[in-house]
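Note: hydrogens, waters and symmetry copies are ignored here, and every other heavy atom, side chains too, is used.
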Amino acid sequence: MIWNTLRSKRFLSAYLLVILMLVAAVVLNQRDILFPEIAGMAMGVMVFPVAHWIKKPVHLWLAPTIGAFIGTALNELTLMTQPKILLGLVIIVILMHLFRVNFGPTIPATLLPIFLGLHDYVFATTTAVFTFVIMLAAFRMRKSENLPEGSEKFRKKTDTVIITIILALWIGLAFVTNLEVIVVPPVFALIFEVFHTKNFHWKLIPPRLAVLTATAILSVGVLHLLAGSIIWVGVINVVITLILCKWFKTPVPVAFGVSLMPLIFPAWGTWGFPVGVFATTGVLMCISAAYRKLRNRQAVQE
């Protein structure tokens, strides 16, 4: 089963896009090119198709591209990193709501350049290029996949406000405690989406938590074994993540983003990173499940 996926044209296409990003970063000596969530987007479109992503291909390109440019532009402000991140979060969530964007990875595309302190537009420009390719793949997938018919209900404003506040508080906690390992942008993207999912419940947490935590552990391990080799670390970590998703029978596209995070920031390459992923995913998913249970109970009573 795993071998069949590894040999499939869809996986090889997504894999090639990730490899191109890794090679470009090395050849051009520009780590700013590395956007871990490109791997998550590619896998979430071509390998583990996420229906509401594929339904609106243009959003896969425009939303993260605009977010990346906004995040980079905010670095021109004479503010500390934390308020800029919170401002970026609020701005992009408002834009996502106004333009009815249901694409969680837009959030890490906005926050990452702020967190990394990027002032040039290399990250934003390459994000535009790679997401454009992903958009084209989504158009093709939309023709071949049996997507649910009808328009999907857009998220409720109340839910969006609450999860934005929760994410802002979590980011604030990271800065107050100086725990950079609990700032996990791909997980923020996952949480933003599951928080609005009506059928999200407690039983869905353990396998997703296992995939993300195991991915973080093994990714850091590979980084330590092959220190200095961006391409090999990235190539191996993507395959490991695919195997974990298959093994746990739980496709988690953002896990591919987590697998590349150790390459771009020192704290994410330490053994504290898996702990941060476990804590961030566990706490925020439990909050999401508890909130969804409460909302569903209120809906029944009404």
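Between Pro185 and Glu37, the closest side-chain pair of non-hydrogen atoms is not below 4.5 Å. Residues Leu212 and Val254 meet the side-chain proximity criterion, which asks for heavy atoms closer than 4.5 Å. The shortest side-chain heavy-atom distance between Val101 and Leu95 does not fall under the 4.5 Å cut-off.
Considering CG of Leu190 and OG1 of Thr280, their distance stands at 11.5 Å, rounded to 0.5 Å. To the nearest 0.5 Å, atom OG1 of residue Thr197 and atom CZ of residue Phe192 are 11.0 Å apart. Here the CG-CD1 distance, from Leu167 to Ile287, works out to 9.5 Å after rounding to the nearest 0.5 Å. To the nearest 0.5 Å, atom CD1 of residue Ile163 and atom CH2 of residue Trp170 are 11.5 Å apart. Remark: Leu86 CG to Gln82 CD distance equals 5.0 Å, nearest 0.5 Å. One finds the CD1 atom of Ile182 at 14.0 Å from the CZ atom of Phe278 (value rounded to the nearest 0.5 Å).
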Step-by-step side chain to side chain contact (heavy atoms under 4.5 Å, CB included) determination, Asn296 to Lys293: CA-CA 5 Å; Asn296 290 341; Lys293 184 176 181 179; 5.9 Å; no
Audit row: Arg208, Phe248, side chain to side chain contact (heavy atoms under 4.5 Å, CB included) steps and yes/no: CA-CA 8 Å; Arg208 284 159 178 75; Phe248 285 98; over 6 Å; no
Anything under 3.5 Å between a donor and an acceptor, one on a side chain of residues 64-75, the other on a protein residue two or more places apart or in another chain? List them.
from: Thr65; atom 1: OG1; to: Trp61; atom 2: O; distance (Å): 2.6
from: Thr65; atom 1: OG1; to: Thr131; atom 2: OG1; distance (Å): 3.3
from: Thr72; atom 1: OG1; to: Ala68; atom 2: O; distance (Å): 2.9
from: Asn75; atom 1: ND2; to: Pro113; atom 2: O; distance (Å): 2.9
from: Asn75; atom 1: ND2; to: Leu118; atom 2: O; distance (Å): 2.6

Let me check something: any side-chain donor-acceptor pairs from residues 103-111 under 3.5 Å, sequence neighbours excluded? List them with distances.
from: Thr106; atom 1: OG1; to: Phe103; atom 2: O; distance (Å): 2.8
from: Thr110; atom 1: OG1; to: Thr106; atom 2: O; distance (Å): 3.0

Under 3.5 Å, which donor-acceptor pairs do the side chains of residues 233-244 form with other protein atoms, sequence neighbours left out?
from: Asn237; atom 1: ND2; to: Val233; atom 2: O; distance (Å): 3.4
from: Asn237; atom 1: ND2; to: Ser259; atom 2: O; distance (Å): 3.0
from: Thr241; atom 1: OG1; to: Asn237; atom 2: O; distance (Å): 2.7

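Nearest heavy atoms, Leu34 versus Leu22: CD2-CD2, 3.8 Å. The shortest heavy-atom contact between Ile114 and Lys84 is CD1-O, 3.5 Å. Nearest heavy-atom pair across Thr81 and Phe115 is CG2-CA, 4.4 Å. Residues Tyr291 and Thr158 come closest through the heavy atom pair OH-CG2, 4.3 Å. When all heavy atoms of Cys245 and Val211 are compared, the closest pair comes out as SG-CG1, 4.0 Å. Looking at every heavy atom in both residues, Pro266 comes nearest to Thr270 through O-CG2, 3.5 Å.
Ring-plane geometry between Phe35 and Phe123 is classed as perpendicular, the angle between the planes exceeding 60 degrees on a 0 to 90 degree scale with a lower cut at 30.
Among residue pairs with one or both ends in residues 159-181, those qualifying as salt bridge (charged side-chain N to carboxylate O under 4.0 Å, His left out) are Asp159-Arg292, Asp159-Arg295; sequence neighbours excluded. Note on residues 208-244: pairs passing ring pair (Phe, Tyr, Trp, His ring centres under 6.0 Å), not counting sequence neighbours, are His224-Trp271. Sorted by first then second residue, the ring pair (Phe, Tyr, Trp, His ring centres under 6.0 Å) pairs that include residues 4-23, not counting sequence neighbours, are Phe11-Tyr15.
Of the residues listed (His52, His59, Arg155), the one engaging Asn102 in a side-chain hydrogen bond (donor to acceptor under 3.5 Å, both in side chains) is Arg155, and it is the only one.
Not a single salt bridge (charged side-chain N to carboxylate O under 4.0 Å, His left out) links Arg31 to another residue, sequence neighbours left out. Remark: Phe48 engages no residue in a ring pair (Phe, Tyr, Trp, His ring centres under 6.0 Å) (not counting sequence neighbours). Under the ring pair (Phe, Tyr, Trp, His ring centres under 6.0 Å) criterion, Phe139 pairs with no residue, sequence neighbours left out. When the ring pair (Phe, Tyr, Trp, His ring centres under 6.0 Å) test is applied to Trp202, no partner is found at least two apart in sequence or on another chain. In this structure, Phe130 has no ring pair (Phe, Tyr, Trp, His ring centres under 6.0 Å) partners at least two apart in sequence or on a different chain.
A donor-acceptor distance shorter than 3.5 angstrom exists from the side chain of Arg142 to the backbone of Lys55, with no hydrogens or angles considered.
Listed by chain and number, the hydrophobic cluster partners of Val129 come to none, as no ILVMFWY side chain reaches under 4.5 Å of it.
Environment of CG in Asn4: crowded, with over 12 heavy atoms of neighbouring residues, nucleotides or ligands closer than 6.0 Å.
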